[in-house]
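The next block holds one structure in the form of structure tokens; read it before the comments.
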Amino acid sequence: MDVTPLARSLLDPIPAHRTAGIEVLRAADGAAEVALSTPEALTNVIGSLHSSGLITLIDAAGLAAMIGAVEDEKEFHGIVPLGAVATMEFLAPARGRLVASCRLTEQALRALRPVLAGAALRARLSTHTEVVDSTGVLVCRGGFDWSVRRTPDAA
């Protein structure tokens, strides 16, 4: 199910996403693509996107993939995903237009679906994201371990 508009409505207001200029390109079927054009204000000493911008992009891709796992847009109401652990591997300078892609694994979907469906209040899962530049060069890999909960009033 394509829930790109839902992912945009939930992720666009996040201050870090606005600062980085992150845009949700697609969120559907437990997968997502998000992008940004490297803002000069977030570059490092070599003119590449600073690690804080890359982690923001990787965070947004994981969040959008979780949103993309819903079977009904109402399922994400009351869902609170919190990153617990983040990892990054820098492979090349991250410059220009960057696209981050994340697809939830079957294990992550099995953990998340009961929370989305209201059958469970908490889940732990991991997301894995790859970031490429406009020429298709893989510039960064990263991931998050998430604690996802449903607020009691939304159950």
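The first residue of the sequence shown is numbered 1, and numbering continues consecutively from there.
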Donor-acceptor contact present, side-chain [X] to main-chain [Y], <3.5 Å:
{"X": "R97", "Y": "A35", "answer": "no"}
{"X": "T129", "Y": "C102", "answer": "no"}
{"X": "T38", "Y": "G96", "answer": "yes"}
{"X": "S126", "Y": "D145", "answer": "no"}
{"X": "R150", "Y": "G78", "answer": "no"}

Heavy atoms, side chains only, cut-off 4.5 Å: are [X] and [Y] in contact?
{"X": "C140", "Y": "I58", "result": "yes"}
{"X": "L10", "Y": "I67", "result": "yes"}
{"X": "V24", "Y": "R26", "result": "no"}
{"X": "L138", "Y": "V131", "result": "no"}
{"X": "L98", "Y": "L49", "result": "yes"}
{"X": "L63", "Y": "W146", "result": "yes"}
{"X": "I79", "Y": "V115", "result": "yes"}
{"X": "F90", "Y": "M88", "result": "yes"}

Distance from [X] atom [atom1] to [Y] atom [atom2], nearest 0.5 Å?
{"X": "H77", "Y": "D72", "atom1": "NE2", "atom2": "CG", "result": "12.5 Å"}
{"X": "I22", "Y": "I14", "atom1": "CD1", "atom2": "CD1", "result": "8.5 Å"}
{"X": "S101", "Y": "H128", "atom1": "OG", "atom2": "NE2", "result": "14.5 Å"}
{"X": "R110", "Y": "T105", "atom1": "CZ", "atom2": "OG1", "result": "7.5 Å"}
{"X": "L54", "Y": "D59", "atom1": "CG", "atom2": "CG", "result": "12.5 Å"}
{"X": "L125", "Y": "T127", "atom1": "CG", "atom2": "OG1", "result": "7.0 Å"}

Inset, instruction - Take E23 and R8 through the test salt bridge (charged side-chain N to carboxylate O under 4.0 Å, His left out) and record every step on the way to the result. - result: CA-CA 7 Å; E23 54 185 298; R8 286 179 181 145; over 6 Å; no
Do [X] and [Y] share a hydrophobic cluster, counting only Ile, Leu, Val, Met, Phe, Trp and Tyr and linking them when any side-chain heavy atoms are less than 4.5 Å apart?
{"X": "V34", "Y": "L42", "value": "yes"}
{"X": "L91", "Y": "V99", "value": "yes"}
{"X": "L57", "Y": "L25", "value": "no"}

Legend entry - Listed once per pair and sorted, the salt bridge (Lys or Arg N to Asp or Glu O under 4.0 Å) pairs that draw on residues 118-137, sequence neighbours left out: E130-R141
Legend entry - SB check E33 R103 (cutoff 4.0 Å): no
Taking every non-hydrogen atom, the tightest pair across [X] and [Y]:
{"X": "T56", "Y": "A20", "result": "CG2-CB, 4.4 Å"}
{"X": "M1", "Y": "E71", "result": "SD-O, 3.2 Å"}
{"X": "L116", "Y": "M66", "result": "CD1-O, 4.4 Å"}
{"X": "A123", "Y": "A111", "result": "CB-O, 3.2 Å"}
{"X": "E40", "Y": "T43", "result": "O-OG1, 2.8 Å"}
{"X": "D2", "Y": "A27", "result": "OD1-O, 3.4 Å"}

Inset, instruction - Report the C-alpha separation of H17 and L36 in whole Å, then their side-chain angles, then the decisive distance to 0.1 Å, and conclude whether the side chain to side chain contact (heavy atoms under 4.5 Å, CB included) test is met. - result: CA-CA 9 Å; H17 295 175; L36 63 73; over 6 Å; no
Inset, instruction - Go through the steps to decide whether L104 and L112 satisfy the test side chain to side chain contact (heavy atoms under 4.5 Å, CB included), and finish with yes or no. - result: CA-CA 10 Å; L104 298 182; L112 183 59; 3.9 Å; yes
